[in-house]
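Quick note on labels: first sequence line is chain A, next is B, and so on, each numbered from 1. Quantities reported herein were computed from a predicted structural model and do not represent experimental measurements. Values reported hereafter were calculated over all heavy atoms of this structure, with side chains retained and with hydrogens, waters and symmetry mates removed.
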Number of protein chains: 2
Amino acid sequence: MSPPDDRAEEARRHAERFQRVRAAHQTEVAEDYVELIAQLIDETGEARVVDLAGWLGVTNATVNNTIQRLQRDGLVTTKPYRSIFLTDAGRDLAVESRKRHDIVREFLMALGVDAETADIDAEGIEHHVSDATLEAFATYLARSTNTATGRRRS
Amino acid sequence: MSPPDDRAEEARRHAERFQRVRAAHQTEVAEDYVELIAQLIDETGEARVVDLAGWLGVTNATVNNTIQRLQRDGLVTTKPYRSIFLTDAGRDLAVESRKRHDIVREFLMALGVDAETADIDAEGIEHHVSDATLEAFATYLARSTNTATGRRRS
DNA sequence: TATAAAACTTAGCGCAAGCTAAGTTTGTGT
DNA sequence: ACACAAACTTAGCTTGCGCTAAGTTTTATA
Ligand SMILES: [Mn+2]
Ligand SMILES: [Mn+2]
Ligand SMILES: [Mn+2]
Ligand SMILES: [Mn+2]
């Protein structure tokens, strides 16, 4: 059973999965940054380097480097010594990331995970959840919300 | 409401979460490698560089570099031009990673995610699931297995 | 308004993780 | 046994993403 060809095919698919994970890692920092930038702008009026550094737990210099990459990639704009703004693409990515992040966090809590743990785990998990899985999370969430509200499923 | 002190405290905790995610990323490659090495040894008798490269979707040279790091970190042993072995620490990490990986994958499938998507997402999610969350996944899994077997919850 | 503090940038570094190209060793088949 | 193929290693490169230290600009305050 399982001739070498099947085995090779299995390896190929396995490798494909890893390539997807590696790709996700490349967009991860961008997602976290734009999400945070959007939040800071909404809540405080502006996103400054020093704030991002404080909220992310990295140095100002690191934020600067990253912002340059994000600018290169068309997600933010900024002028020397001025605060950071999102481009349309950046704002879109921020909204999508935020939505995803919230669903993951709420899903974990609905499953019975405590809030602090849900916050921690969601920060990492959010970047590895496909649309299909997010859909499944949202469905579970809707059902458990209904249940909690007193409704019952058929 | 929410004086600056509360805000600063919120930022501190937010930063802490990111530091945890960054830490998880540093162990991620090691986990995937030892898990795969264990599997190859179990299924084929040995783990060779060329096989790892094929299953991971990277070049032989990359595998070599990584194996050197893993050896430096005490997870594997290997001699020039020979195949790769796990140390006790490596084997322990492999077993734990495999268990975690399986629970995540089965949990996603139990939630209604198709097998291929579950395989892809689990490959990334597994590294960001705390013990508490894994516990919650396992609990859900046990419950849904019972349900599928015909039993009903009280 | 001058000075000090805070914020921001730049320079220069390190490590992880990928790559290609070239060389070495091992294993196979005739 | 030899030749060739396959496997493995090495050298040298790139990018991402962290850091510290030093310099520049802006903002606050005395
Ligand atoms: Mn997020
Ligand atoms: Mn995140
Ligand atoms: Mn795994
Ligand atoms: Mn993985």
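Contact detail for A:T77 and A:Q71: the closest heavy-atom pair is CA-NE2, 3.9 Å. Annotation for B:A47 and B:S83: closest pair O-CB, 3.2 Å, computed over non-hydrogen atoms.
Sorted by first and then second residue, the ring pair (Phe, Tyr, Trp, His ring centres under 6.0 Å) pairs involving residues 79-99 of chain B (not counting sequence neighbours) form an empty list.
With salt bridges taken as basic N to acidic carboxylate O contacts below 4.0 Å, none links B:K99 and B:D102.
Partners of B:Q19 by side chain to side chain donor-acceptor pair (under 3.5 Å), not counting sequence neighbours: none found.
Of the residues in residues 21-48 of chain A, those with a non-hydrogen atom less than 4.0 angstrom from any atom of DNA chain D are A:V29. Taking every heavy atom of residues 49-82 of chain B and every atom of DNA chain D, pairs under 4.0 Å involve B:V49, B:V50, B:N60, B:A61, B:N64, B:Q68, B:P80, B:Y81, by number.
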Would you sort out whether B:D32 and B:H127 count as a side chain to side chain donor-acceptor pair (under 3.5 Å), showing the intermediate values?
-> CA-CA 9 Å; B:D32 287 335; B:H127 310 284; 3.1 Å; yes
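In this structure, a donor-acceptor pair under 3.5 Å is absent between the side chains of B:T62 and B:N65.
Through direct or indirect side-chain contacts shorter than 4.5 Å among Ile, Leu, Val, Met, Phe, Trp and Tyr, B:W55 is connected to A:F18, B:V29, B:Y33, B:V34, B:L36, B:I37, B:L40, B:I41, B:V49, B:L52, B:L56, B:V58, B:V63, B:I67, B:L70, B:L75, B:V76, B:I84, B:L86, B:L93.
Running 5' to 3' along DNA chain D, contacts with non-hydrogen atoms of chain A at under 4.0 Å begin and end at D:dG16 to D:dT27.
Put simply, the side chain of B:T139 gets close to the backbone of B:E135: a donor and an acceptor are under 3.5 Å apart.
Counting heavy-atom neighbours within 6.0 Å of B:R22 CZ, excluding the residue itself, gives a total above 12.
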